[in-house]
Structures are given as C-alpha cells and as structure tokens.
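Structure record follows, encoded as structure tokens.
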Amino acid sequence: MRYGYPTVDPALCPKDANTGEALPPRTQPGYYPGFSTLAQSPFWDDATRAVVEKRVERPPQREFFSEHAWKFWTVVFGHLIPQTDRVPERQIPIVAVIDHRLASNQTAGYRYEDMPQDRMVYEMGIEAIDREAEHRHAGNFLVLPQLQQDLVLQAIHDGKPDAAPAIWKKMSVHRFWQLIMGDAVDAYYAHPWAWDEIGFGGPAYPRAYTRLERGEPEPWEVEEKRYDWLEPATAVSGKVELSPHHLESDQHRHHESGGRH
C-alpha cells in the first residue's frame, strides 16, 4: 500500500469494450503511450524543475488529517477520480496534497457565506457522508460495498441527501461537492503522471510551444491513440443526470461567456 491506496481489485477496473474483461492496471494509463513529461525536464529552468520533480519524489506527508480521516478521504476520492487503471505505485497521492493544503491553512482567498472554513468542511463532510451511508444502507461509509458507496456519493453530488439535515444547514451541499471535487481535480492534474495520461507537454518555459495553430503535437509529444472502454459494474458514474444546480451553473457560464462555446 502506498499513501493509503490498496492493491487494485480487478472488479473495480475499467472494462474492455469488446470483451467485457477487466483492463489490467497500467504504469501509464491514457491515450498517449510512451509519453513522459518528466523526460522534458532538461529543457525547464531550475525553479520549474524543482517544483515539478518534488511532486513525484517528495509528496507531502500526513499533517492535518487523522489516520481515520486520511483513509476515509482516500476512499472518497477513489470514487471521484478512480485510479484503478493505475498500478498502486503509480497512483497519484490526492489526499496528501489536500492534507498539506489544510495543514498550511491555504485557501482560495475567499469563502462563501453559506460555507464554513475549509478545515471544518472536511471534518463535517465525514460525518455527513457517514450519516447518509447509515440512513441508506445501515452501515458506516467505509464498510459499505463499492456500489453502495457510489450511491451515497451520488446522492450528495445530486444535492439530494436524505440524512444529516443539521449539517447541510451549516454548509451548502452543492458548494461542499464543488470544494472536494475541485480539490481532487487540482491535486490530480497538477501531477506529472496525470500530464502523461492526457498528453500535456508540461511547462513551456523557457522553451515555449511552437505548433499553436493546427492542433499538432510538438516534436517532443506523441500522437493520441484512443481505445474504447466501459466503466466497471460497481460504478454509477456512467450515467449522467444534471441537477437543477448544475444546469444553473452551466447557464451562468454561458451568460458570462456571452453565449460563446
């Protein structure tokens, strides 16, 4: 186990779209086989190289979360951004990055009036998710099977929790989800292993990007090679249903952009 990530269960892996068999975890998942952002580090300046390499070589250690909270959020973020397509030693330490942010009391510089401090959000979030799990499936979140855990989180994602009304009076369920999802995305896609997965060429300073007009890869990048896959049977994320809140957010973005897409 590395940073709390267990050995991958084949039943939780994405499936081959043709055979239905579990796709084995990979050192490098994604559509850009063989691409390595870190291989370009000689072209970065010293400061950039130090920042990026630290994310791989020296990830943060536990400071803020209790051992239980660390395990709890590891499981939650394993649903939000599944890493069952990765071998354990190449799974990105999402919780470690969030723990460091909370330990350092780093924030976005503002806070919504219907939200408590970020540290409190994560503490209250554990209780709210556990109560939802107990209400729906008569067990704490961590002891539930994978599918039932997914259903608990789906209820909160949809803004339709049935339990813990006192907690949701103290913080917006929609903003709670936005916060933890935003933290997960920030932590995951700041890591160079995620850059390899999406074919991102990494920092462009001081070399810069040159092929900007036709969407062609740079000389050091590779061509995209897509393959079809299906979500595992234990996941409900293959079905998307926009809640009124999500539709409202999309309409707001559309308005802010002047209707441009």
Side-chain angles (χ1 to χ4, degrees), residues 3-5 12 59-60 62-84 91-136 140-142 144 146-191 194 235-237 240-246 248-250 253:
Y3 303 114
Y5 290 104
L12 306 181
R62 181 166 63 88
E63 299 178 83
F64 176 78
F65 288 134
S66 66
E67 185 174 347
H68 170 75
W70 182 284
K71 181 178 180 181
F72 188 95
W73 288 113
T74 295
V75 174
V76 169
F77 289 122
H79 288 268
L80 270 56
I81 302 185
Q83 299 195 56
T84 52
Q91 292 181 2
I92 295 170
I94 295 174
V95 175
V97 175
I98 297 171
D99 178 89
H100 177 71
R101 179 178 82 77
L102 297 175
S104 305
N105 204 22
Q106 298 174 2
T107 71
Y110 64 90
R111 178 158 54 91
Y112 292 103
E113 62 179 0
D114 57 357
M115 289 296 290
Q117 187 185 49
D118 287 2
R119 290 175 171 180
M120 287 299 299
V121 168
Y122 275 91
E123 292 177 5
M124 295 165 65
I126 292 176
E127 184 178 358
I129 293 171
D130 261 343
R131 289 191 183 182
E132 191 70 26
E134 291 167 357
H135 175 80
R136 290 176 177 269
N140 289 338
F141 181 77
L142 290 182
L144 297 181
Q146 180 84 2
L147 178 57
Q148 291 183 352
Q149 289 178 343
D150 239 19
L151 291 170
V152 168
L153 295 175
Q154 184 185 46
I156 296 173
H157 163 272
D158 292 345
K160 301 175 181 178
D162 291 332
I167 293 177
W168 298 123
K169 284 183 180 180
K170 296 177 182 178
M171 68 175 177
S172 161
V173 62
H174 299 299
R175 296 206 191 282
F176 167 74
W177 190 266
Q178 289 174 343
L179 175 66
I180 66 171
M181 193 72 240
D183 275 352
V185 170
D186 286 349
Y188 188 87
Y189 287 105
H191 200 286
V236 297
S237 57
V240 178
E241 179 181 346
L242 291 179
S243 69
H245 170 75
H246 295 126
E248 179 182 343
S249 297
D250 184 66
R253 289 193 299 272

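A quick note: this is a predicted structure, and the numbers were derived from the prediction, not measured. Note: hydrogens, waters and symmetry copies are ignored here, and every other heavy atom, side chains too, is used.
In this structure the side chain of His191 never reaches within 4.5 angstrom of the side chain of Pro59, judged on heavy atoms. With contacts defined as side-chain heavy-atom distances shorter than 4.5 Å, the pair Ile129/Phe176 qualifies. Residues Leu153 and Leu80 form a side-chain contact, since some pair of their non-hydrogen atoms from C-beta on lies under 4.5 Å apart. Put simply, the side chain of Glu134 reaches to within 4.5 Å of the side chain of Asn140, judged on heavy atoms. Residues Asn105 and Gln117 meet the side-chain proximity criterion, which asks for heavy atoms closer than 4.5 Å. Residues Trp73 and Ile126 have side chains in contact (heavy-atom distance under 4.5 Å, counting atoms from C-beta outward). With contacts defined as side-chain heavy-atom distances shorter than 4.5 Å, the pair Thr84/Gln91 does not qualify. Put simply, the side chain of Lys71 does not reach to within 4.5 Å of the side chain of His68, judged on heavy atoms.
Rounding to the nearest 0.5 Å places CG of Leu151 at 10.5 Å from CD of Gln146. Between atom CG of residue Leu179 and atom OG1 of residue Thr107 there is a gap of 10.5 Å, rounded to the nearest 0.5 Å. How far CD1 of Ile167 is from CD of Glu123: 11.5 Å, rounded to the nearest 0.5 Å. Rounding to the nearest 0.5 Å gives a distance of 11.0 Å between CG of Asp150 and NE2 of His157. Taking CZ from Arg111 and CZ from Arg175, the interatomic distance works out to 12.5 Å, rounded to the nearest 0.5 Å. In this structure, CH2 in Trp168 is found 12.0 Å from CG in Asp114, a value given to the nearest 0.5 Å.
Summarising the geometry of Pro116 relative to Met124, their closest heavy-atom pair is CG-SD, 3.8 Å, with the distance given to 0.1 Å. In plain terms, the two heavy atoms of Ala103 and Arg119 that are nearest each other are O-NH2, 3.2 Å. The heavy-atom pair separating Val75 from His79 by the smallest distance is O-CD2, 3.1 Å. Here the closest heavy-atom approach between residue Ser66 and residue Ala69 is recorded as OG-N, 3.0 Å.
Looking only at distances, a side-chain donor or acceptor of Ser172 sits under 3.5 Å from a matching main-chain atom of His174. The backbone N or O of Phe141 sits less than 3.5 Å from a side-chain atom of Gln149, completing a donor-acceptor pair.
Screening residues 94-106 for salt bridge (charged side-chain N to carboxylate O under 4.0 Å, His left out) gives Arg101-Asp118, Arg101-Asp183 as the qualifying pairs, with residues at least two apart or on separate chains.
Using a 30° and 60° split on the angle between ring planes, Tyr122 and Phe77 fall in the tilted class, from 30° to 60°. Relative ring orientation between Trp70 and Phe65 is described as perpendicular, the plane-to-plane angle rising above 60° on a 0-90° scale split at 30° and 60°. Classified by interplanar angle (parallel below 30°, tilted 30° to 60°, perpendicular above 60°), the ring pair Tyr110/Tyr112 is perpendicular.
Comment: Arg131 engages Glu127 in a salt bridge, judged by a side-chain N to carboxylate O separation of less than 4.0 angstrom.
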Audit row: Arg136, Leu144, side-chain contact (heavy atoms from CB on, under 4.5 Å) steps and yes/no: CA-CA 11 Å; Arg136 290 176 177 269; Leu144 297 181; over 6 Å; no
Candidate pair Met181 and Val185, rule side-chain contact (heavy atoms from CB on, under 4.5 Å), full reasoning: CA-CA 6 Å; Met181 193 72 240; Val185 170; 3.9 Å; yes
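Sparse packing is recorded around CD of Glu67, with 12 or fewer heavy atoms of other residues, nucleotides or ligands lying under 6.0 Å away.
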